[in-house]
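Remember, it's 1-based here, ligands and their atoms both numbered in the order they're listed.
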Amino acid sequence: MTQHNKLQAWIKECADLCQPDEIIFIDGSEEQRNKLRDEAVMTGEIVPLNQKKWPGCYFHRTAQNDVARTEHLTYICTSEKEDVGPTNNWMPPAEGYRKASEIFKGSMRGRKMYVIPFSLGPVGSVFSKIGVELTDSIYVVLNMLIMVRCGQEVLDQLGSDGDFTRCLHGKAELDVDRRMILHFPEDNTIWSVGSGYGGNVLLSKKCMALRLASWQAQKESWLAEHMLILGVEDPAGRIEYVAAAFPSACGKTNLAMLVPPEGLTRKGYRIWMVGDDIAWMRVDTDGKLWAINPETGFFGVAQGTNSITNPNALATVRRNTIFTNVLFREGGNIWWEGLDGEAPKSGIDWKGDPWTPDMKDKNGKSVPGAHPNARFTAPLTQCPSHSFRTEHHHGVPISAIVFGGRRARLAPLVYQGYSWQHGVCIGAMMASERTAAQFGKLGEVRRDPMAMLPFCGYNMGDYFRHWLQMGTRMKKAPKIFHVNWFRQDESGDYLWPGYGENLRVLEWILDRCRGEAPAEETPIGYVPTSDSLDLTGLDLPPNLIEELVTVNPEEWLAEVESVREFFATFGDRLPHAMQDELNSLERRLKTQQKMSHNGING
Ligand code: OXD
Ligand code: MN
């Protein structure tokens, strides 16, 4: 299978620790996948859905205490504490290895250890990185076969001495008190033990493609980001690409799979989905930023996915999909809250208990059938808007970078930064309200720079500096924007229709990149003039765009204060340029405030 001595020695070392009964190499063949599936069906680890209605689809239930990423059990283990910064948990590497070894020790007795060689990015591309995950979970293997390129071709690419990330995963007892997700960037190693939940155990994803990759990207001058990538084809047939970062619960997957509204489809617009979660970006010889999606699958949230919010996701998951923690229905069907139509009359909930839609908990709240973080794992190629460019080794050129958040009042529908440096500050200031806030009673705001708070594998002060430096390396850097689909009126209703209509905002963004759309200057950046968004076919109240792009200097000055406090947590690792940008923003806001008080400019 492999002549790679270091790989063989590492597998042996892990096997000596975990003591599996057998070691099985994953070759990437259909034959082996089918065999493993059959085995997992036999043991009940996965359950086939009705194969007539859901061909190739299976259902899996995790342990009840193991349904989401556990940030408090996730550590970056480096020699110097300062290198992980204030936003990560830190542990000295020796302590990490010692504590986790105690849990791994003998944990695979009576189990098999699977060896999954995988490539993030097309095998052999200049972007790509190879990892090898060892795991005792068939569920992990079956998910990895969807999420990344796996198997013999990766081992062939690795040759006898190629570099690879060592990823060790073991379920152990699935005990939350004996669960650790450890990253050792100095050793190019990840250890995850005690969990079976995707984000903790599909080690290619958040652990390698973001936490370790962001560390490597800083050293090697590229960017590993928590971003979707999509292409917008305009009526002239020109396709331009956007990379966008949003914190959780802001509709990232929905935007990646956007279906143009009828008016824009008629005009000739089309969307090409490249990725919904992670972007790796490099400066090419043309001085532009080029991006790939290192993954080949979606690990998407089921709840709220329906024919309005994301029709392409529904089409994507009709076959060859693994559903985790959804409601299981008689006859091999499934359901989740927010799916179209009526709730089923009964089913088995994500915990494995009988469920009916009228069930209430002891506080009188409805009992959900599916877990709010229930997931689908499905191949990218099944998305109706899947881009033909995902196998291209050089990726796609990025024209615009878009940051976003969920803000009931503060942030306009869209604004553009004045420069790369200003744009980086906009990304660093990013924040989102955890829930839809009512007017006058703002939801809790969580700062989430570039949507990387849980995923940046090093000191975020250094991360901002790296972003600034990337700007100096590009002859034609993407323009940077910020969007907010969630602005509300005084009664708490959303002002902007969202979903497919967001393409109208993307259209303005790309026109701005070509210098073709008018804009108005505000203290926070450029916003659309009232007639620069194409609203054909939309029935919106008059002056809505003005309302959506209003900048309130008082509210923004309070925001500046809150960002200042957040920036202070990085101490002297925060680049001066970030402080300068914040000071300039404050100056511009105060000027506007004075002008408003003097009756100038509204
Ligand atoms: C995800 C996340 O699962 O960002 O993609 O939490
Ligand atoms: Mn994500």
Please determine whether ring pair (Phe, Tyr, Trp, His ring centres under 6.0 Å) holds for the pair W272 and F388, giving the CA-CA distance in whole Å, both sets of side-chain angles, and the decisive distance to 0.1 Å.
CA-CA 8 Å; W272 297 95; F388 56 96; 5.2 Å; yes

At a cut-off of 2.8 Å, protein N/O/S around the Mn ion (ligand 2) gives K206 NZ, H226 NE2, D277 OD1

Q) So, does F455 sit close enough to ligand 1 that a heavy atom of it is under 4.0 Å from the ligand? A) yes

| request: Consider ligand 1: state whether an atom of it lies below 4.0 angstrom from any non-hydrogen atom of H226. | output: yes

the protein heavy atom lying closest to atom 5 (O) of ligand 1 turns out to be K206 NZ, 2.9 Å

protein heavy-atom neighbour closest to atom 6 (O) of ligand 1 works out as R69 NH2, 2.8 Å

Salt bridge check, [Y] against [X]: does any charged N sit closer than 4.0 Å to a carboxylate O?
{"X": "R573", "Y": "D83", "answer": "yes"}
{"X": "K206", "Y": "E295", "answer": "no"}
{"X": "R69", "Y": "E71", "answer": "yes"}

Quiz item: Are any side-chain N or O atoms of N293 and backbone N or O atoms of V274, one a donor and one an acceptor, separated by less than 3.5 Å?
Solution: yes

Counting heavy atoms under 4.0 Å, the part of E71 that contacts ligand 1 is neither

Atom NZ of K252 with >12 non-hydrogen neighbours under 6.0 angstrom: yes

Between E433 and the options R487, R409, R406, R407, the salt bridge (charged side-chain N to carboxylate O under 4.0 Å, His left out) test singles out R407

- Strictly by modelled atom types, are W54 and N333 linked by a side-chain donor-acceptor pair under 3.5 Å? yes

Over 60° means perpendicular and under 30° means parallel, so classify the ring planes of Y463 and W467, tilted if in between. perpendicular

Under 4.0 Å from one or more heavy atoms of D277, ligand 1 contributes atoms 5 (O)

